[in-house]
Amino acid sequence: KISKLRGEWILYFLLETHLIISLHQSPPPPPPHNESMVFASSPYSSSYSSALCIQDPNLSSTIDHRLIFSISFNRLTTSHNKRHTLALCCAASQPESMAKEAKLWGGRFEEGVTDAVESFTESISFDKALYKHDIMGSRAHASMLANQGLISFSDKDSILEGLDQIEKQIERGEFVWRTDREDVHMNIEAALTDLIGEPAKKLHTARSRNDQVSTDFRLWCRDAIDTIAARIKNLQVALVSLAKKNTGVIVPGYTHLQRAQPVLLQHHLLAYVEQLDRDVGRLLDCRVRLNFCPLGACALAGTGLPIDRFMTSDALGFTAPMRNSMDAVSDRDFVLELLSANSITAMHLSRLGEEWVLWASEEFGFITPSDSVSTGSSIMPQKKNPDPMELVRGKSARVLGDLVTLQVLCKGLPLAYNRDLQEDKEPAFDSVKTIIGMLEVSSEFAQNITYNQDRIQKALPAGHLDATTLADYLVHKAKYIMQGIPFRTSHDIVGRAVALCVYKNCQLLDLTLDELQSLNTVFETDVYDYLGVENSIKKFSSYGSTGSECVAAQLDFWITRLNINK
């Protein structure tokens, strides 16, 4: 009966006038997710009527603007013989029957934005990740305002205490993020106003969301760089440790994915360590350039109020305030540089992943990943796949795509701030999250693979890996003869020696001295000290080469640099 009685009334108010109906006397239970309206009956003991508030969504949520109706509902007696009241709430976009409130910027507007516009323009769904940095900036800003006499120290203390409470609520998962408050800045400021009242309204003095978000984002990127750099170091340590365990192991070195020259496995692994070190260098260079403070630049032109931008810059650990207020709020080159550095790191990881995937195949068989970093097939029982490194290779595309997204986003923007820049967060968040995951799983993989030395040893004879060393032999011998042998000539001689080996299906080491001398009389018995991969490795001596002494020096350098126990 009650349902029939209310039917037309509910439809009228909810569908025609779009008014928000919420329980005023006591809040109803939280509505189910994604339901536009719920009915909940709740017992009450002190009154037979329940006050329902009906509110225009464009009005403030304070009680002064509410139109209160008292409506009495007598429900049929239940088994407990209690009277119940019906609580109605609209839960379309706001949690727990919260009514829409007036925008903090809404003074010159006569009507609120539509639901479609609000849904399309909100950023709280992703920029709430900046909450720590937003609160950091607000703390520094409030302290500066008090120091400059723009707010009282009492108000500052209230603001700081309120921000502390909000931060704890967020960390406990108790804070309610509201879409109608648009972004992380407005959510925190509005919550602070709800919490401490008038002092919170002074916090935005001499500050715009334009310089606020740029400050937050720089702080976030700075922390992200520190995290990524630490993860890169972890991978470097894993690779150096892997190199330590494989002293003296020789593997084929490749160019064009064809057998080229023999190299020590340690040399091979340390090549990736060097690349990763440059990746860290790019990140740290980026950190130096981004570490300047936009706060106080306001919307674009600065302010006429007596603020101290150097004080806030120092409080937040920046090098100095940014010199130009328009530049401070409008450019995202610091994010582009971070994403560019990430994309280069991702490319290096993708190359490492590609190599390990190849080397784990039956065709190579150079490495065996442990079961803990492998996956199987849903149909082929025998399969053992190096999936983590395949995904490292695949996810590099995402990181590169994030960079391209941001480049295209920024390329057509006039000075100063434009709302397009709201779209800079998601590619940055994704890039950082992805590269951290790639680094972590690569470190895990490096700690759980074994190099199959027997298989590698059997693979070494193929490909005439000692041919270049043989050419060096001829150049070396030329010092002791009158005419000498130019390298191009020695190259041709060894090329004919390789052709002879192909014809005979043998290795250079298998050619007799007579066969070698038929190509050039300079060959003597000492030539066999240069042939074979082990002898070839011994002949490398230039700085940075794959010679045993050179590689040992490289390894010692990285053990010391990365503070690895010897």
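- Contact of the Leu421 side chain with the Cys410 side chain is registered, since non-hydrogen atoms from C-beta on lie closer than 4.5 Å.
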Could you walk me through whether Ile166 and Ile170 pass side-chain contact (heavy atoms from CB on, under 4.5 Å), step by step? CA-CA 6 Å; Ile166 290 171; Ile170 295 172; 3.9 Å; yes
Go through Arg561 and Asp277 one step at a time and tell me if the side-chain contact (heavy atoms from CB on, under 4.5 Å) criterion holds. CA-CA 11 Å; Arg561 173 81 171 269; Asp277 201 55; 3.1 Å; yes
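- A 4.5 Å side-chain heavy-atom check between Glu182 and Ile124 finds every atom pair outside the cut-off.
- Nearest approach of Gln447 to Ala238, heavy atoms of both residues: CG-CB, 4.1 Å.
- A salt bridge does not link Asp333 with Arg289: none of the charged nitrogens is closer than 4.0 Å to a carboxylate oxygen.
- Summarising the geometry, atom OG belonging to Ser343 is positioned 5.0 Å from atom CG belonging to Leu403; distances are rounded to the nearest 0.5 Å.
- Within a 6.0 Å sphere centred on CZ of Phe310, heavy atoms belonging to other residues, nucleotides or ligands number 12 at most.
- Judged purely by atom type and a 3.5 angstrom limit, Asn324 uses its side chain to pair as donor or acceptor with the backbone of Met326.
- Atom OG of Ser125 sits about 11.5 Å away from atom NZ of Lys425, to the nearest 0.5 Å.
- The line from SG of Cys298 to OH of Tyr417 is 15.0 Å long, rounded to the nearest 0.5 Å.
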Run the numbers on Glu390 and Asn385 for side-chain hydrogen bond (donor to acceptor under 3.5 Å, both in side chains), then give the verdict. CA-CA 9 Å; Glu390 293 179 55; Asn385 302 322; 5.6 Å; no
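- Between Glu426 and Asp430 there is no side-chain heavy-atom pair separated by less than 4.5 Å.
- Between Asp127 and Phe429, the shortest heavy-atom contact is CA-CE1, 4.3 Å.
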Criterion side-chain contact (heavy atoms from CB on, under 4.5 Å) on Met322 and Arg309, from CA distance to verdict: CA-CA 9 Å; Met322 295 186 72; Arg309 292 189 61 206; 4.2 Å; yes
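- Atom CD of Gln407 sits in a crowded spot, with more than 12 heavy atoms from other residues, nucleotides or ligands closer than 6.0 Å.
- Side chains of Ser152 and Ser154: a donor-acceptor N/O pair is absent below 3.5 angstrom, by distance only.
- Between Arg351 and Glu354 there is no salt bridge, since no side-chain N of the basic residue sits under 4.0 Å from a carboxylate O of the acidic one.
- When all heavy atoms of Ser143 and Met311 are compared, the pair lying nearest together is O-CE, 3.8 Å.
- Distance alone, capped at 3.5 Å, places no donor-acceptor pair between the Thr312 side chain and the Ala140 backbone.
- Considering only residues two or more places apart in sequence or on other chains, Phe318 meets the ring pair (Phe, Tyr, Trp, His ring centres under 6.0 Å) condition with none of them.
- We find the OG-CG distance between Ser119 and Asp180 to be 12.5 Å, quoted to the nearest 0.5 Å.
- Across all their heavy atoms, Met389 and Gly353 have their closest contact at CE-CA, 3.6 Å.
- Looking at heavy atoms from C-beta onward, Leu283 lies in side-chain contact with Asn342 at the 4.5 angstrom threshold.
- Ion pairing between Asp164 and Arg139 holds under the 4.0 Å rule for side-chain N and carboxylate O.
- When atom types are taken as modelled, the side chain of Gln275 and the backbone of His348 share no donor-acceptor pair closer than 3.5 angstrom.
- Although no hydrogens or angles enter the test, the distance criterion places a donor-acceptor pair under 3.5 Å between the side chain of Thr345 and the main chain of Ala341.
- With hydrogens and angles ignored, the 3.5 Å screen pairs a side-chain donor or acceptor of Asn210 with a backbone N or O of Ala299.
- Using a 4.5 Å heavy-atom threshold, the side chains of Phe217 and Leu290 count as separate.
- The CG atom of Leu349 sits 11.5 Å away from the OG1 atom of Thr434 when rounded to the nearest 0.5 Å.
- In this structure a side-chain-to-backbone donor-acceptor pair under 3.5 Å is missing from Asn418 to Leu413.
- The structure places CG of Leu264 at 11.0 Å from CG of Asn246, a figure rounded to the nearest 0.5 Å.
- Annotation: Lys168, atom NZ; neighbour count of heavy atoms from other residues, nucleotides and ligands within 6.0 Å does not exceed 12.
- In this structure, the side chains of Trp177 and Val184 come closer than 4.5 Å at one or more pairs of heavy atoms.
- Between Val288 and Thr319, every side-chain heavy-atom pair lies at or beyond the 4.5 Å cut-off.
- A donor-acceptor pair under 3.5 Å is absent between the side-chain atoms of Gln169 and the main chain of Glu174, judged by distance alone.
- Listed for the Ser396 side chain is a donor-acceptor partner under 3.5 Å among the backbone atoms of Arg393.
- With respect to the salt-bridge test (charged N to carboxylate O, under 4.0 angstrom), the residues Asp424 and Arg332 qualify.
- The shortest side-chain heavy-atom distance between Lys132 and Glu171 falls under the 4.5 Å cut-off.
- Closest approach of Ser313 to Ala320, counting heavy atoms only: OG-C, 3.1 Å.
- Legend: salt bridge (Lys or Arg N to Asp or Glu O under 4.0 Å) pairs involving residues 431-448, not counting sequence neighbours, sorted by first then second residue: Arg231-Glu440.
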Trace of the side-chain hydrogen bond (donor to acceptor under 3.5 Å, both in side chains) decision for Gln236 with Tyr272: CA-CA 8 Å; Gln236 288 179 299; Tyr272 286 110; over 6 Å; no
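- Under a 3.5 Å cut-off, the side chain of Arg419 and the backbone N or O of Thr121 do form a donor-acceptor pair.
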Throw together a table of side-chain donor-acceptor distances under 3.5 angstrom for residues 219-230, partners on residues two or more places apart or in other chains.
from: Arg222; atom 1: NH1; to: Asn291; atom 2: OD1; distance (Å): 2.8
from: Arg222; atom 1: NH1; to: Leu316; atom 2: O; distance (Å): 3.2
from: Arg222; atom 1: NH1; to: Gly317; atom 2: O; distance (Å): 3.1
from: Arg222; atom 1: NH2; to: Leu316; atom 2: O; distance (Å): 2.8
from: Asp223; atom 1: OD2; to: His133; atom 2: NE2; distance (Å): 2.8
from: Asp226; atom 1: OD1; to: Arg287; atom 2: NE; distance (Å): 2.9
from: Asp226; atom 1: OD2; to: Arg287; atom 2: NH2; distance (Å): 3.2
from: Thr227; atom 1: OG1; to: Asp223; atom 2: O; distance (Å): 3.1

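- Side-chain atoms of Thr215 come within 3.5 Å of backbone atoms of Asp211 as a donor-acceptor pair (strictly under, hydrogens ignored).
- Between Lys201 and Glu189, no side-chain nitrogen of the basic residue sits less than 4.0 Å from a carboxylate oxygen of the acidic one, so the salt-bridge criterion is not met.
- Between His268 and the choices Trp356, Tyr254, Trp359, the ring-ring contact (aromatic ring centres under 6.0 Å, His included) rule is met once, by Trp359.
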For Leu235 and Leu276: C-alpha separation, side-chain torsions, deciding distance, then whether side-chain contact (heavy atoms from CB on, under 4.5 Å) applies. CA-CA 8 Å; Leu235 178 54; Leu276 291 167; 3.7 Å; yes
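- Side chains of Arg398 and Ser431: no donor on one and acceptor on the other come within 3.5 Å.
- Nearest approach of Ala446 to Leu239, heavy atoms of both residues: CB-CD2, 4.3 Å.
- In the displayed structure, Arg172 atom CZ is contacted under 6.0 Å by more than 12 heavy atoms of other residues, nucleotides or ligands.
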